[in-house]
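Proteins get letters first, then strands, A, B, ... in listed order; numbering begins at 1 in each.
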Number of protein chains: 2
Amino acid sequence: MEKVTITVLAEKLNTTPATISRALNNHPAISDSMKKKVHALAEKMNYKRNKIASSLRSGKTYTIGVLIPSANISFFGSVVHGIEIVANANGYNILLYQTNESRKFEGKGVEALLSAHVDGILISVSKETKDYTHLSNAKKLGVPIVFFDRAKEGLGISSVVIDDYKGAFMATEHLIKQGYKRIAHISGPLHMKVFNDRMEGYKAAMQQYKMKFSDDWLFEGDVSIESGKAAIGHFLSLKEKPDAVFAVEDYSALGALKELKNRKVAVPERFGVFGFANELFAEHLTPSLSSVDQQTILMGKEAMQLLLSLMANKKQPAACTNITLDPLLIFRESSQRKIK
Amino acid sequence: MEKVTITVLAEKLNTTPATISRALNNHPAISDSMKKKVHALAEKMNYKRNKIASSLRSGKTYTIGVLIPSANISFFGSVVHGIEIVANANGYNILLYQTNESRKFEGKGVEALLSAHVDGILISVSKETKDYTHLSNAKKLGVPIVFFDRAKEGLGISSVVIDDYKGAFMATEHLIKQGYKRIAHISGPLHMKVFNDRMEGYKAAMQQYKMKFSDDWLFEGDVSIESGKAAIGHFLSLKEKPDAVFAVEDYSALGALKELKNRKVAVPERFGVFGFANELFAEHLTPSLSSVDQQTILMGKEAMQLLLSLMANKKQPAACTNITLDPLLIFRESSQRKIK
DNA sequence: GTGAAAGCGCTAACAT
DNA sequence: ATGTTAGCGCTTTCAC
């Protein structure tokens with residue numbers, strides 16, 4: 001069984017590989033009749049373009065790299081799904097890397113992607129990442145990069161995020177309107193823009209509605225169940241105890257819910273809880289968890305779309321584009337008092 | 001800035017590209033002194049092997065393809081993580097494809113992976129898949145394949161699964177020992193070996209313990225929350241109502257729990273529930289869901305390891321190996337009666 | 001509109 | 001132990 005290459009197609013049609021290549025790539029200078037013949041024969045002989053050879057010659061791999069902190073967080077799985085939809089529709093493959101929230105693995109991942117000659121990189125940075133040389137290096141090499149969700153400003157790298165400030169503001173506002181009086185916040189690592197923005201949104205809402213506020217009601221966690229639990233432990237030890245909490249994301253909120261249940265504090269009656277991310281489990285908890293949906297599929301699609309456009313005009317200095325999606329609040333039991 | 005290739009390294013060292021290549025690949029016939037010089041220079045000049053060129057020549061891409069039904073199921077995310085650990089440790093990259101539980105996308109995915117010249121394929125088939133020509137074609141082309149979790153027998157394709165029969169047997173046995181008398185089963189699509197095996201395990205336990213059994217207690221679902229709900233609806237409409245259910249996986253079990261809560265049937269007091277997969281949400285439900293853990297990370301690692309060995313002896317007829325992992329039962333609230 | 005020819009960067013069979 | 005040579009399959013510049 002002979003391998004079918006453009007050379008054998010050329011022989012069969014008494015022409016040259018160059019013509020075949022052009023015909024297959026719909027080059028304008030090739031006559032329609034020739035194109036038809038070539039496509040027909042290719043079809044008949046089940047010709048498949050050798051992407052490796054094509055990549056070597058053209059420098060394009062039609063592969064993009066995706067770096068995520070963890071596939072155990074349904075949020076990221078869902079974004080990747082969005083990315084895939086657009087990628088596949090445009091003939092791109094996805095090389096996936098999980099960084100395990102570690103800067104070291106993230107660096108290795110970028111290395112691996114570069115050495116695989118990906119045409120572009122989509123990344124949501126790890127909690128640990130404070131040094132961005134791996135990304136600026138990649139950028140220097142001319143590989144377009146787009147952040148999604150967890151972005152970093154000031155690097156001239158494009159990004160797609162939701163409006164974290166707005167989402168946080170609206171969630172806090174909702175708790176206020178539900179009649180909670182002393183609303184606390186569990187934050188994430190504040191060196192990350194996402195988490196910082198959410199805290200600012202929370203603070204802004206508290207201020208705008210002239211709510212009582214205490215620095216004791218700010219607990220810096222690390223986006224984990226444990227820090228949610230610890231936060232509640234801290235809050236309930238205070239003289240002036242909060243009666244609601246806006247958590248920076250759902251795992252912290254989940255920890256909070258668990259600890260509240262442990263301590264037999266009724267949610268939402270005596271304590272309101274609002275999360276962020278709308279993780280898969282949020283709607284299945286008891287009480288179900290109110291949360292800010294981040295439009296994961298859309299985020300993935302937009303990120304990929306943006307990357308496509310950056311890859312298209314590689315010549316230009318590639319203006320840095322930042323897309324902000326609107327958050328979508330999902331009101332469930334944990335934040336809605338039965339009493340009005 | 002000149003691109004650094006083996007040719008420029010060769011010029012600097014007054015030798016030939018071939019020697020550089022061999023030195024870099026640790027060819028035994030190259031002297032240690034030369035290897036040292038080459039490695040030192042490569043390091044100094046920040047040389048990176050061009051994998052594309054290497055692949056074109058050697059026919060190896062050091063990339064494997066992974067096909068999963070959905071990244072929204074944490075089970076698969078976790079298996080992929082296991083795969084990645086072993087893959088990265090061996091210098092392999094992962095091309096990811098989600099099939100959305102669709103045979104059509106699965107076929108396209110295999111096509112895409114083949115045209116990317118992956119060295120091997122790991123796949124967990126979609127619910128829909130009944131026709132396996134896409135896989136037998138790939139196999140015919142000499143691409144090693146390994147099933148994980150959702151496998152198909154009789155194709156001569158290797159697999160790594162957990163002992164579904166045993167897990168189901170043990171889960172059912174546990175319910176029996178907890179004193180439930182009329183244990184029902186929500187199954188999945190029975191054309192899939194996984195789900196069929198689980199049903200058989202359930203039946204075997206029922207028989208061995210001489211439990212009362214009725215065909216009405218067998219509900220064929222489609223591994224979804226909805227079918228779990230529907231199953232409970234069906235069970236509770238019976239004259240002889242079951243008092244426990246072993247669900248084929250956690251989403252069905254979740255649906256069951258929800259519907260039971262809806263109908264105010266106390267779990268585990270009046271009704272026991274056992275799931276399968278130990279999805280992320282299982283431990284966070286109220287009551288928490290007992291489930292069979294499938295050793296996801298281990299499964300991923302084993303699958304990749306098996307694929308590596310298949311790829312290594314591509315010459316041999318590649319004996320078909322089937323690895324079965326032991327299930328791990330996780331006993332939580334939903335199946336443990338407080339009363340003895 | 002098509003052909004000729006070069007070459008992407010690397011590897012491997014064959015030579016010495 | 002190292003050099004020579006050829007070529008993986010494709011794209012693309014330059015001819016005509």
- Heavy-atom nearest pair, A/Val80 first then A/Leu96, reads CG2-CD1, 4.3 Å

- Message: B/Glu128 and side-chain contact (heavy atoms from CB on, under 4.5 Å): which single residue from B/Glu106, B/Lys104, B/Arg103 fits?
- Response: B/Arg103

- Query: NZ of B/Lys48 versus C1' of C/dC8: gap in Å, rounded?
  - Reply: 20 Å

- Message: Donor-acceptor check, side chain of B/Gln295 to backbone of B/Asp326, threshold 3.5 angstrom: yes or no?
- Response: yes

- Message: Distance check needed: C/dG1 C1' versus A/Asp32 CG, whole Å only.
- Response: 12 Å

- Query: Rounded to the nearest 0.5 Å, how far apart are CG of B/Asn14 and NZ of B/Lys37?
  - Reply: 8.5 Å

- Quick one: sort the B/Phe76 and B/Phe148 rings into parallel, tilted or perpendicular, breaks at 30° and 60°. perpendicular

- Between D/dG9 (C1') and B/Ile52 (CD1): distance, integer Å: 13 Å

- Protein-nucleotide distance (B/Asn50, atom CG; D/dG9, atom C1'), rounded to Å: 15 Å

- Could you tell me the separation between the NE2 atom of B/His117 and the P atom of C/dC10, rounded to a whole number of Å? 19 Å

- Going by the side-chain contact (heavy atoms from CB on, under 4.5 Å) test, name the single residue among A/Ile6, A/Val38, A/Leu41 that passes it with A/Tyr47. A/Ile6

- Separation of A/Lys37 atom NZ from C/dG1 atom P, in whole Å? 15 Å

- Rounded off to whole Å, could you give me the OH-to-P distance for the A/Tyr62 and D/dT11 pair? 10 Å

- Message: Using whole Å, what does the distance between atom P of nucleotide C/dG3 and atom CD1 of A/Ile20 come to?
- Response: 9 Å

- Note on the structure: Per-nucleotide protein contact along nucleotides 11-16 of chain C, 5' to 3', at a 4.0 Å heavy-atom cut-off (B base, S sugar-phosphate only, - neither), is BBB---

- Item | Lys/Arg-Asp/Glu bridge criterion (N-O < 4.0 Å) met for B/Glu111, A/Lys48 | yes

- Message: Looking at D/dC8, I'd like to know if its phosphate oxygens (OP1 or OP2) sit under 4.0 Å from a side-chain N or O belonging to A/Thr5.
- Response: no

- Give a yes/no answer on whether the side chain of B/Ser55 brings an N or O atom under 4.0 Å of OP1 or OP2 in C/dC10. no

- Side-chain N,O (B/Thr16) to OP1/OP2 (D/dG3) below 4.0 Å: yes

